Amino acid sequence: MKFRHNTVYASRRSPIFARNVVAASQPLATQAGMRMLARGGNAVDAALATAIALTVVEPASNGLGSDAFCILWDGSKLDGLNASGRSPVAWSPERFAGQSQMPSRGWESVTVPGAVSAWVELSQKHGKLDFSTLFEPAIDYAERGFQVSPIVAEGWRRGAEVLKDQPGFAEAFMPQGRAPMAGEVFRSEAHARTLRLIAESGGEDFYRGELAERIAAFAEEHGAALTVDDMASHTLDWCGTISQKFGDVSLHEIPPNGQGIAALMALGMLEQLGIAELDPDTPEALHLQIEAMKLAFADLAAYVAELRFMTTVTVDHLLDPAYLARRAALVKRDVAQDFGAGAPREGGTVCLSAADESGMMVSYIQSNYSGFGSGVVVPGTGIALQNRGYGFTLEAGHPNQVGPSKRPFHTIIPGFVTKGDEPLMAFGLMGGPMQAQGHVQMVLRTQAHAQDPQTAADAPRWRVIHGREVAIEPAFGDATLSALADLGHAVKLEAPDASFGFGGAQLIHRIEGGYVAGSDPRKDGQAAGF
């Protein structure tokens, strides 16, 4: 593919061209990955060192208590890894009786964290360097300290305002009684010690040793359900990918329990609607994308759960070309609509990408969900626990209804594009419900409109909110925004520097002789290579 490299969108960054590359949302984490490549490691080593470092340098988005997913081209084939954790055995619908929704913060939102298991599995199966080597940059950042970057500082401030009273939070993340400001040095000897325990034990300590016992003891102290047995029973799955063709390329996503299937559905509808023929920034193109995404989200909410519970409506039903054609036919080109779920069976996260000159490419994502997750931090460990339990529903009979030892619906999704049987792009876009929408926008910009990864990341974005509400970045221009409003969209302007709602993309695209990479200017991040 020949990209059109241009400066049509405001940007502080240029695309990176190199044979070995890392793109991540915080520069120190990117450099951790680059150090692994320089030491002879491969793309998996680079991705893992980056991910481990991100738990230190971007704690508002992820941590040692995160979940994780990965899509990996190992040099010959594509595979997907689901390292999301399950609910405690003691969780049942009755436990949450009388509540209108699942708790969003605190211990009752915590499921078993899976990210550490992903680090172990990927390193053992595909890494070249010793597992402990991958931790060296992160331990250094935690022990000696790092200067907090500006966008991370703002997320930290927002999180601290909400979570300061959660168990263990202030002790871990508010050392001066407040969140650190940009440029201030933050250290965490507790985090460094925990990283060493994980590195030295090959992850065992986290699930079956001292760390697991400390997590469970703190849970018991607060009347929570999570136990050492819940921690020890955690398993991950090599789950492959599900995909959707678009022209001569295919977008790949992790199968449910994640929202990636919504991106595939929307892309399938958009091909039916002839989206590739429209300029990407016109009201017509944006209208079709928004409407297709609303249709996909309606089905997502109604039918998607952990795969083993999707027995009535399956992935095949949702991705059936005839069904997607019927859904696409509901789109009216002259008016915005509020869609309900279809009948397919008739009758807040860090992401990163890495690639090396051997051809290995990695799309990886890990998250605590909402900023800092549950807000619960296990004292003396630096382990900030996610709040993925909030992803369950309390609706009786729903496939995603809360239950014991069950994976909740997840927002975090890595993305990957192939062309024929060859890898083309490892990418992701963090940001809660923005992620599937962002995947669609990144694929359209890079594949249908030949924008290089940095240009695609720089471009303005839209985000479906609810009903006819849609958030739009002002850079689309007044005429476009007015035209969308005339079509019936309830347009809500959001400046990228005032909201984290448009996410942060990290993209690496294969080209002749190497790769081209981009890192989202909405984050502190960096794409780097050599």
Side-chain angles (χ1 to χ4, degrees), residues 65-69 82-117 163 166-168 206-208 211-237 239 255-259 300-315 341 367-370 372-378 383-412 432:
S66 287
D67 278 346
F69 296 86
N82 183 335
S84 62
R86 296 169 179 82
S87 56
V89 168
W91 275 18
S92 65
E94 292 71 31
R95 185 180 182 90
F96 301 94
Q99 301 188 43
S100 60
Q101 62 179 17
M102 288 292 295
S104 62
R105 303 289 191 179
W107 267 112
E108 289 293 80
S109 67
V110 178
T111 55
V112 176
V116 170
S117 70
L163 300 169
Q166 288 295 339
F206 191 83
Y207 292 103
R208 281 166 282 276
L211 295 173
E213 291 168 1
R214 294 182 71 169
I215 292 169
F218 197 48
E220 185 177 13
E221 180 183 333
H222 289 273
L226 192 67
T227 67
V228 287
D229 289 339
D230 290 323
M231 293 293 294
S233 63
H234 170 73
T235 57
L236 45 67
D237 301 297
C239 57
N257 53 316
Q259 66 170 318
L300 189 76
Y303 303 119
V304 172
E306 185 180 359
L307 203 57
R308 64 193 172 105
F309 293 96
M310 291 178 63
T311 55
T312 303
V313 173
T314 68
V315 167
S367 173
N368 274 1
Y369 199 14
S370 308
F372 285 105
S374 65
V376 175
V377 185
V378 181
I383 299 173
L385 294 162
Q386 38 83 331
N387 61 330
R388 284 294 166 187
Y390 184 53
F392 284 120
T393 180
L394 298 178
E395 180 185 339
H398 193 288
N400 188 43
Q401 183 182 12
V402 67
S405 302
K406 183 175 182 179
R407 282 174 167 149
F409 171 79
H410 258 267
T411 55
I412 61 172

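All figures in this text were calculated on a predicted structure; none of them were measured in a lab. What's counted below: heavy atoms across the whole structure, side chains too, no hydrogens, waters or symmetry copies.
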Tell me, please, which residues at least two apart from Phe409 pass ring-ring contact (aromatic ring centres under 6.0 Å, His included).
none
For Tyr207, enumerate each residue passing the ring-ring contact (aromatic ring centres under 6.0 Å, His included) test, keeping only those at least two apart in sequence or located in another chain.
His234
Closest non-hydrogen atom pair between [X] and [Y], with its separation:
X	Y	result
Asn368	Ser66	OD1-OG, 2.7 Å
Pro88	Ala225	CB-CB, 3.8 Å
Phe69	His410	CE1-ND1, 3.7 Å
Asp230	Val112	O-CG2, 3.6 Å
Thr314	Thr311	CG2-O, 4.2 Å
Arg208	Ala232	NH1-O, 2.8 Å

Apply side-chain contact (heavy atoms from CB on, under 4.5 Å) to the pair Met231 and Leu226, showing each step before the final yes or no.
CA-CA 8 Å; Met231 293 293 294; Leu226 192 67; 4.2 Å; yes
Separation between [atom1] of [X] and [atom2] of [Y], rounded to the nearest 0.5 Å:
X	Y	atom1	atom2	result
Gln101	Leu394	CD	CG	8.0 Å
Tyr390	Ser104	OH	OG	5.5 Å
Ser87	Glu306	OG	CD	8.5 Å
Ser117	Leu236	OG	CG	4.0 Å

Quick check against the 3.5 Å criterion: does [X] have a side-chain atom that pairs as donor or acceptor with the backbone of [Y]?
X	Y	result
Ser92	Gly403	no
Ser374	Leu385	yes
His398	Ala301	yes
Gln401	Gly397	yes
Asn400	Gly391	yes

With respect to Thr111, which candidate in Gln386, Lys406, Arg86, Arg388 satisfies the side-chain hydrogen bond (donor to acceptor under 3.5 Å, both in side chains) definition?
Gln386
Does Glu220 CD have over 12 foreign heavy atoms under 6.0 Å away?
no
Are the side chains of [X] and [Y] in touch, meaning some heavy atoms are under 4.5 Å apart?
X	Y	result
Ile383	Ile215	yes
Val315	Pro256	yes
Phe96	Pro103	yes

Would Asn82 and Asn257 count as a side-chain contact (heavy atoms from CB on, under 4.5 Å) if you check the C-alpha gap in whole Å, the side-chain angles of each, and the deciding distance to 0.1 Å?
CA-CA 9 Å; Asn82 183 335; Asn257 53 316; 2.9 Å; yes
Salt-bridge test for Arg407 and Asp67: reply yes if a basic N is under 4.0 Å from a carboxylate O, no otherwise.
no
Which salt bridge (Lys or Arg N to Asp or Glu O under 4.0 Å) pairs, counting each pair once, include a residue from residues 100-115, with sequence neighbours left out?
Arg95-Glu108
Between His222 and Phe218, does the side-chain contact (heavy atoms from CB on, under 4.5 Å) criterion hold? Intermediate values first, please.
CA-CA 7 Å; His222 289 273; Phe218 197 48; 3.3 Å; yes
